[in-house]
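Just so it is clear, the model here is predicted, and its values are computed rather than measured. Reminder, nothing fancy here: chain letters follow the sequence lines and each chain counts from 1. Values below: all heavy atoms of this structure, side chains included; hydrogens, waters and symmetry mates excluded.
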Amino acid sequence: MQHYSQDNNSLNPEQKRAIETIEGPLLIIAGAGSGKTRVITHRMAAMLRRSIPQSAILALTFTNKAAREMQVRVAQLVGNSTRMLTVSTFHAFGVQVLKRYIRELGYRENFSIYDQSDQAQLLKETVRELGMEDLRDLRSILTLFSRIKTGQTKWDAETAEFRRLYDEYQQHLKLYNAVDFDDLIVLPTRLMSEVARVREELEQRYRYVLVDEFQDTSRAQYRMLRLLTQNNRNVCVVGDDDQSIYSWRGAEYENILQFERDFPELLEIKLERNYRSTGTILDAANRVIANNTNRKAKALWTGQGESLPIELCYPEDEQQEAEMIARRIKSLAATEGLRYDDIGVLIRTNSLARTLEEAFLAENIPYRISGGQSFFQRQEIKDLIAYLRLCANLNDEIALLRIINVPRRGIGKRTLEQITARAEHSGQTLYSTISELVHAADSPLSTRAVDDLRAFFDLIERYRAQLLAGGKKPAQALEAMIAEIDYWSYLVMEYQHNDKIAKWKYRNLDLFVQMVRDYQNDPDNLDVGLYDYLNRITLNARDDQDDSEEDGRLNLMTIHAAKGVEHEVVFLAGVEDGVIPHQRAIADNPANLEEERRLFYVALTRAKRRLIISSCRKRKLMREVVETAPSPFLEEIPAELLTVVEAEDVVPAESAADFFRMMKERVR
DNA sequence: ATCGAGCAGCTTTTT
DNA sequence: GCTGCTCGAT
């Protein structure tokens, strides 16, 4: 398709070397578009050909999507099933380890995984319990907790006031038999360093470890990796410091330097030949990223000669920008025979998506959006999952609190307060307190409250038995439960003004049941149960769509989500000062400017052939329209690589009226 | 116990 | 311009 993409059978000498070096530590610095994925998958295939058993190989990726793709590609290369090969994210791997060994830490195997909204819920509850009125910024507190837990931050005078809250938060997690995302990394690490048997078993099994997107590993992840590999020393990491864009989540590309120190005998290979982009695009990207200090020297080059200039245009506002992009996409599809899925529209923040989506809808362009709210984050789905989670782990208080009165069953604030007080007093979990109250002869609650509670208790007990009993089909049980709790009536009640929403939500429940059914019918999942499914859902929060069914669609995504992706044509929208670099990102720390530049670099290098950048003169941000200036990064692209296009030239007219006037003139 | 009005805070990125 | 939360009224 692309005349300059790499031939399927040929590998350049560096790639070959990377693939054939199987033993010992290996550091691959892989520039954008240098065939990184290709090298990793071929390397794994080479390992298998040398009779290294699948089960001895562990490949760690950054997203679930990347993991799936890698697994498929290796399977294609070896022409065989790769079921015993472990390809997963750090977090999913952590779950596996915890499932096997978490007892050593005093948890049980049916632990729940708390995502950020569960965490926020738990934090709120903890704040309330400690009687701290000052709710302040929950999110920044959670960020602090995360940094404490992963060892990025230590308690100091400034943060001391939250220490008690943190301890309490931790205690609650344990009591609920729940772990948060950071625990998925931190607890396995602790297990490996504190329990000799765990580490021995793991390193005996995983004798060969690969890590993709190494520049985005956190310190905690690196610690885990080092423990796992420092005896075997067969560890291959692949990364590019110029593409490190997750420092806000704890990524430290300095891990590359640490790796060199910890594995001094390593072999370092640089992949600098770019097979993806035209010379123009690559040149622009190189020039931009050269403005960053503190990077590993690297010179990407391509065999490609001259090519299309990068287009730059300045629409009046986001409306005009969106229309321009939509029409341009249509004309590209018509004149150049491009498929919509050859095109990517990249944005810095999710909030920019809406206007673009409207324009695509208006122009009938099928699109898919990655990022944004996931299916599993929707209220109705979270409700259902909470039921399942409670059945799986009766201690999961966050799940219990979510659904104890959803749909309404008469267990209101007062009743709940009484139960909570009692539970706190006796140091027991809410659920066992409920069990006690339901069975007790004398109860401080009214008869009616007890009856309502008993109905709830019985419901959970019954479905718990059904859902967990081997052989029984969870999907059927789930379906029966939805009917029994009459979630439909609940939706009708809640959305009486808008039965469309109610219907839509109910349909989502159906979809969810279908997903559970598909999962339980998949022969690959025969040996796994409800817990595994729930865990998988939590970890798969974002990329949950069936990509296979989405062929032929335009890709609209954040730059973060675009990592590892490439497109023939890339539109880069909203390239304004304050959007990229994002104002918030540089406000608290000017050093973040370099990360914003890397982000811009990643965006540029997604394009193979054509790059179209737009920067609006005005933009509606929050509630008001503000004048915007072009991103300073644009000045870092040499002018001769750019051609400025008038938005009006691309878009026939600003309004329908103008459009018709023009048409008339033409006819005349 | 439930509902609705009014208000606050928010939109940086995600496993 | 939206969501989620609190509080007061029923």
Side-chain angles (χ1 to χ4, degrees), chain A residues 60-67 88-95 113-117 119-121 124 135-140 142-143 146 150 179-186 213 216-218 220-221 244-251 346-355 370-374 376-377 379 405 407-417 446 448-449 452 493-494 496-497 535-544 557-563 574 578-589 592 595-596 598-600 602-603 619-625:
Chain A
L60 295 168
T61 61
F62 196 67
T63 63
N64 296 293
K65 196 168 143 209
S88 77
T89 61
F90 270 94
H91 290 84
F93 177 65
V95 173
I113 301 172
Y114 281 5
D115 67 12
Q116 71 284 16
S117 73
Q119 282 183 65
Q121 232 26 65
K124 267 183 224 161
L135 276 170
R136 285 236 322 213
D137 186 5
L138 287 180
R139 253 164 111 186
S140 64
L142 282 174
T143 308
S146 170
T150 57
V179 299
D180 62 21
F181 274 21
D182 292 320
D183 284 328
L184 296 179
I185 308 299
V186 169
E213 306 284 11
D216 284 322
T217 51
S218 66
Q221 287 169 326
S244 171
I245 53 176
Y246 281 95
S247 72
W248 50 273
R249 211 177 77 185
L346 304 190
I347 48 184
R348 169 71 237 274
T349 67
N350 280 312
S351 55
L352 302 190
R354 168 163 273 157
T355 319
S370 48
Q373 206 198 20
S374 139
F376 298 112
Q377 316 266 67
Q379 309 88 320
N405 203 29
R408 303 230 145 91
R409 50 173 70 89
I411 304 173
K413 210 166 103 189
R414 257 190 63 75
T415 314
L416 208 50
E417 265 167 14
S446 69
R448 200 170 137 201
D452 292 336
M493 281 266 286
E494 290 292 296
Q496 33 191 297
H497 311 296
N535 290 344
R536 213 173 76 150
I537 285 174
T538 316
L539 295 175
N540 249 321
R542 288 281 154 173
D543 43 335
D544 45 69
M557 55 179 98
T558 63
I559 301 172
H560 283 89
K563 194 160 76 150
V579 177
I580 181 165
H582 199 277
Q583 196 174 358
R584 255 216 156 71
I586 46 178
D588 31 292
N589 185 4
N592 289 340
E595 176 142 322
E596 293 292 306
R598 288 194 290 271
L599 211 40
F600 188 63
V602 167
R619 175 175 296 279
K620 196 150 121 201
L621 289 169
M622 307 267 234
R623 66 193 72 152
E624 51 188 351
V625 177

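- Contact of A:R348 with B:dT13 (side chain to base): a donor-acceptor pair of N or O atoms is detected under 3.5 Å.
- Summarising the geometry, the separation between CG on A:D216 and C1' on B:dT14 is reported as 11 Å, rounded to the nearest angstrom.
- In this structure, A:R598 and A:I245 have side chains that are in contact, with non-hydrogen atoms separated by less than 4.5 Å.
- At least one side-chain nitrogen or oxygen of A:T415 sits closer than 4.0 Å to the OP1 or OP2 atom of B:dA1.
- A:T150 and A:D182 form no side-chain donor-acceptor contact under 3.5 Å, judged by distance and modelled atom types alone.
- Nearest-nucleotide assignment on DNA chain B puts the 5′-proximal partner with A:R584, out of A:R584 and A:T89.
- Each of B:dT2, B:dT12, B:dT15 was ranked by its minimum atom distance to the side chain of A:F181; first place goes to B:dT15.
- At B:dT15, none of the side-chain N or O atoms of A:R249 fall inside 4.0 Å of OP1 or OP2 (strictly under the cut-off).
- The base of B:dT13 sits with one of its N or O atoms less than 3.5 Å from a complementary donor or acceptor on the side chain of A:W248.
- With rounding to whole Å, A:Q583 atom CD is found 14 Å from B:dC10 atom P.
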Q. Pairs counted as Watson-Crick or G-U wobble with both distances under 3.5 Å: what dot-bracket string results for DNA chain B, using | for bases tied to another strand?
A. |||||||||......
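- With P as the reference atom, C:dG4 and B:dT13 are 16 Å apart, rounded to whole Å.
- Note: CD1 (A:I185) to P (B:dT15) measures 13 Å, nearest angstrom.
- Side-chain contact between A:H560 and A:Y246: present, with at least one pair of heavy atoms (C-beta onward) separated by less than 4.5 Å.
- The base of B:dT12 lies outside donor-acceptor range of the side chain of A:H582, with no N or O pair under 3.5 Å.
- Under the 4.5 Å side-chain criterion, counting only non-hydrogen atoms from C-beta, A:E213 is not in contact with A:T63.
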(Q) Show, in sequence, the C-alpha distance, side-chain angles and deciding distance for A:H91 and A:I185, and conclude whether the side chain to side chain contact (heavy atoms under 4.5 Å, CB included) test is met. (A) CA-CA 6 Å; A:H91 290 84; A:I185 308 299; 3.9 Å; yes
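- To the nearest angstrom, P of B:dT12 lies 11 Å from CG of A:L352.
- Atom CD of A:Q121 and atom C1' of C:dG4 are 11 Å apart (whole Å).
- In terms of phosphate contacts, A:N350 brings no side-chain nitrogen or oxygen within less than 4.0 Å of OP1 or OP2 of B:dT12.
- Note: CD1 (A:I245) to P (B:dT13) measures 13 Å, nearest angstrom.
- Residue-to-nucleotide proximity on DNA chain B shows that, of A:A585 and A:A92, the 5′-proximal contact is made by A:A585.
- Between A:N592 and the phosphate of B:dT13, there is no side-chain N or O to OP1/OP2 separation shorter than 4.0 Å.
- Between A:K124 and the phosphate of C:dC5, there is a side-chain N or O to OP1/OP2 separation shorter than 4.0 Å.
- Within the nucleic acid shown, A:S218 has no heavy atom closer than 4.0 Å to any nucleic acid atom.
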Restricting both atoms to N or O, compile the protein contacts to nucleotides 1-3 of chain C shorter than 3.5 Å, with distance only.
residue, atom, partner, partner atom, Å
C:dG1, O6, A:R623, NE, 2.4
C:dG1, O6, A:R623, NH1, 3.3
C:dG1, O6, A:R623, NH2, 2.4

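- Between the CD atom of A:Q119 and the P atom of B:dT14 there is a distance of 16 Å, given to the nearest Å.
- Nearest to the side chain of A:R408, among B:dT15, B:dC3, B:dT12, sits B:dC3.
- Side-chain contact between A:R348 and A:L599 is present, with heavy atoms from C-beta onward closer than 4.5 Å.
- For A:T415 (side chain) and A:I411 (main-chain N/O), no donor-acceptor pair under 3.5 Å exists by modelled atom type.
- Between A:T558 and the phosphate of B:dT14, there is a side-chain N or O to OP1/OP2 separation shorter than 4.0 Å.
- We find that CD of A:E595 is positioned 9 Å from C1' of B:dT13, with the value rounded to whole Å.
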Q: Decide side chain to side chain contact (heavy atoms under 4.5 Å, CB included) for A:I559 and A:F600; before the verdict, give the C-alpha distance in whole Å, the side-chain angles of both, and the deciding distance to 0.1 Å.
A: CA-CA 8 Å; A:I559 301 172; A:F600 188 63; over 6 Å; no
Q) Can you check side chain to side chain contact (heavy atoms under 4.5 Å, CB included) on A:T217 and A:L60, steps first, answer last? A) CA-CA 10 Å; A:T217 51; A:L60 295 168; over 6 Å; no
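- Contacts of A:F62 with the nucleic acid, taken as non-hydrogen atoms under 4.0 Å apart, involve only primed sugar atoms and P, OP1 or OP2.
- A:N405 places a side-chain N or O within 3.5 Å of a backbone atom of A:G410 that can act as its donor or acceptor partner.
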Q: Applying side chain to side chain contact (heavy atoms under 4.5 Å, CB included), run through A:M557 and A:K563 and close with a yes or a no.
A: CA-CA 10 Å; A:M557 55 179 98; A:K563 194 160 76 150; over 6 Å; no
